[in-house]
Amino acid sequence: MNIHEYQAKDILKSYGVRIQEGIVVDTPALAVEAARELTARTGTGWHVIKAQIHAGGRGKGGGVKLAKNLDDVRQKSEEILGMQLITHQTGPEGKKVNKVLIAEDVYYPGPSEVKEYYVSILLDRGKACNVIMASTEGGMDIEEVAEHSPEKIIKEWIDPRVGLQQFQARKVAFALGLSGDAFKEMVKFINALYKAYVETDSSMFEINPVLKTSDNKILAVDAKVNLDDNALYRHADFIPLRDVTEEDPLEVEASANDLNYVKLDGNVGCMVNGAGLAMATMDIIKLSGGEPANFLDVGGGANAKTVEAGFRIILKDPNVKAILINIFGGIVRCDRVATGVVEAYKAIGDIPVPIIVRLQGTNAAEGAKIIDESGLKVYSAVLLKDAATKVEEVLAAM
Ligand code: GDP
Ligand code: MN
């Protein structure tokens, strides 16, 4: 589950990670009030207005602006609130900004240089370890760094059985070229960040930039936190942090029906049981000249209700020109799935696109018979290859 920057910063702060302080608001008038309050709290003169959307690259897209007085705060909040913010992560349609974070300016001048770093923590599945990645090249161009000078990104792997060792936190701070107070602050920062990562059951933390202020404080200016959905049952307090307005509406509907759905750009809708079979099905659609419109895993216990919910979701995608249902009857029997498909078809009414159903496993023959005898515009196939050929024929006939 993705959360907003302001929510991520609240969590980090509760673990003792120093952050750029801020207050989230949804109107320009409240923005001014928030700026006043921040000045009282932190002494800051300037403020940054930061669009809260679930996407990075906001700065480059015009979603992060510096304000030098209260009039400026009001004006820039007016500009950003309600805008359709387009970044390299939002797609061309962009995302509507409903909230802005009013934050203290932490790039103020002082005795030493202000410098941006990059720190992230994620799971390295290959090594079965967590990995801390850090770079002196923090800021808005980290993707460029990763692509053109990957040697500038240092990695420190942490064995989850022993946890982060002190020499490791120091090694990272040292590799970032820090010394004195800034070095100590960075070690503290990394320790607190790692603890937060583990205890929140997160799958990714990306802090870019981590800032060294001109008075040698180390703090998180930005925070991208990805919470592991599978661990949410252990964190009841995180559930309200979900913002469904940031998610694809079809994916929201699918998750409400316990379906595993990811929308894609192709024209062949697919409904499959099991993630591995779904991947194989997408491959065969591609091999037969189609493009999958989605990934949809209805799970092991597919029944008429889940099949119907899946149908409805697939049909809401205007790109879908054909639907391929590929079910392996293991726990669920093929004749039950076939009955479900026919019932769903009747319940939804006239489904405007051809449906190819491939049932294999327990009671496959009975399933095929039910489909064939239903009189509906549903084609049955027993082999996956036959199903793919049918998809090809159907697409060619259009
Ligand atoms: P992103 O573009 O979505 O990654 O948003 P960030 O939160 O990383 O902010 C983008 C950029 O805004 C940063 O890299 C900084 O250059 C700038 N920025 C953020 N906070 C401040 C601040 O307090 N003062 C100044 N002057 N610039 C800031
Ligand atoms: Mn950033």
Side-chain angles (χ1 to χ4, degrees), residues 1-12 19-35 38 44 46-107 116 118 120 138-147 204-211 219-227 240-252 262-265:
M1 181 173 94
N2 277 323
I3 57 175
H4 287 291
E5 174 196 358
Y6 74 93
Q7 298 166 325
K9 280 176 162 172
D10 281 350
I11 294 175
L12 295 185
I19 56 159
Q20 173 193 41
E21 294 288 332
I23 298 170
V24 70
V25 298
D26 55 7
T27 69
L30 288 173
V32 172
E33 233 175 80
L38 277 173
T44 189
W46 294 356
H47 298 87
V48 261
I49 320 299
K50 311 184 78 181
Q52 298 298 291
I53 58 167
H54 285 190
R58 296 164 301 165
K60 283 190 174 167
V64 178
K65 287 188 172 151
L66 184 67
K68 299 188 177 177
N69 55 53
L70 293 180
D71 274 347
D72 221 10
V73 168
R74 179 190 300 275
Q75 198 188 325
K76 292 194 166 131
S77 303
E78 257 165 25
E79 282 166 29
I80 296 175
L81 277 166
M83 83 185 279
Q84 199 70 21
L85 181 55
I86 301 169
T87 81
H88 66 278
Q89 289 183 0
T90 59
E93 69 285 359
K95 272 188 174 167
K96 185 161 181 251
V97 181
N98 298 315
K99 288 189 173 112
V100 287
L101 180 65
I102 309 302
E104 58 171 335
D105 167 37
V106 283
Y107 287 58
E116 293 179 325
Y118 172 92
S120 64
M140 293 195 274
D141 290 313
I142 193 69
E143 284 87 358
E144 294 264 304
V145 178
E147 198 177 326
M204 206 242 333
F205 270 14
E206 186 180 54
I207 316 300
N208 185 33
V210 171
L211 198 74
L219 49 83
V221 166
D222 193 3
K224 183 166 169 50
V225 163
N226 205 314
L227 302 167
L241 302 183
R242 183 166 176 203
D243 182 351
V244 291
T245 67
E246 290 285 333
E247 297 174 25
D248 184 287
L250 292 181
E251 292 184 11
V252 173
V262 180
K263 185 171 159 17
L264 302 167
D265 298 327

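One-based numbering along the sequence shown.
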Q. Considering only heavy atoms from C-beta outward, does the side chain of Ile19 approach that of Leu219 to under 4.5 Å?
A. no
**Q.** Heavy-atom donor-acceptor pair, Thr87 side chain to Arg58 backbone, under 3.5 Å
**A.** no
Q) Do Leu81 and Pro28 have side chains that get closer than 4.5 Å, going by heavy atoms? A) yes
Q: Without swapping roles, check the side chain of Glu104 against the backbone of Glu21 for a donor-acceptor pair under 3.5 Å.
A: yes
Q: Please round to the nearest 0.5 Å and tell me the distance separating atom CD of Glu147 and atom CD of Glu143.
A: 9.5 Å
Q.
Using 0.5 Å steps for rounding, measure from the NZ atom of Lys263 to the CG atom of Asp248.
A. 7.0 Å
Q: Rounded to the nearest 0.5 Å, what's the gap from CG on Asn2 to CD on Gln7? Could you check?
A: 10.5 Å
Q) Under a 4.5 Å cut-off applied to non-hydrogen side-chain atoms, are Ile3 and Ile11 in contact? A) yes
Q: Given salt bridge (Lys or Arg N to Asp or Glu O under 4.0 Å), test Glu5 with Lys9 step by step and report yes or no.
A: CA-CA 6 Å; Glu5 174 196 358; Lys9 280 176 162 172; 2.8 Å; yes
Q: Using a 4.5 Å cut-off on heavy atoms from C-beta on, say whether the side chain of Val221 contacts that of Val48.
A: no
**Q.** Taking every non-hydrogen atom, the tightest pair across Tyr6 and Gln52
**A.** N-OE1, 3.0 Å
Q: Give the intermediate values and the outcome of side-chain contact (heavy atoms from CB on, under 4.5 Å) for residues Asp243 and His54.
A: CA-CA 9 Å; Asp243 182 351; His54 285 190; 4.3 Å; yes
Q | Minimal non-hydrogen separation, Ala223 against Leu12, with atom names | A | CB-CD1, 3.9 Å
Q) How many angstroms lie between OH in Tyr107 and CG in Leu66, if you round to the nearest 0.5 Å? A) 10.5 Å
Q | Of Ile23, Val25, Ile102, the residue whose pairing with Leu30 passes side-chain contact (heavy atoms from CB on, under 4.5 Å) | A | Val25
Q. Minimum heavy-atom separation for Asp72 to Ala67, with atom names?
A. OD2-CA, 3.4 Å
(Q) So, applying side-chain contact (heavy atoms from CB on, under 4.5 Å) with Lys50, which one of Lys65, His4, Gln20 is it? (A) Gln20
Q) Is there a side-chain contact between Val252 and Arg242, using heavy atoms and a 4.5 Å cut-off? A) yes
Q: Can you see which heavy atom on Gly139 is nearest to which on Pro209, and at what distance?
A: N-CB, 4.2 Å
Q: Evaluate the side-chain proximity of Val32 to His47: yes if any heavy-atom separation is below 4.5 Å, no if none is.
A: no
Q) Counting only N and O atoms by type, is there a donor-acceptor contact under 3.5 Å from the side chain of Gln89 to the main-chain atoms of Gly56? A) yes
Q) Just how far is it from atom OH of Tyr118 to atom CD1 of Ile142, taken to the nearest 0.5 Å? A) 6.0 Å
Q) Judged by atom type as modelled, is there a donor-acceptor pair below 3.5 Å linking the side chain of Thr90 to the main-chain atoms of Ile86? A) no
Q. Among Asn98, Leu85, Thr245, which one satisfies side-chain contact (heavy atoms from CB on, under 4.5 Å) with Ile53?
A. Leu85
Q: Of all the heavy-atom pairs spanning Leu70 and Ala35, show the shortest one and how long it is.
A: CD2-CB, 3.7 Å
(Q) So, taking the atom named NZ in Lys76 and the one named CG in Asp71, what distance separates them when rounded to the nearest 0.5 Å? (A) 11.0 Å
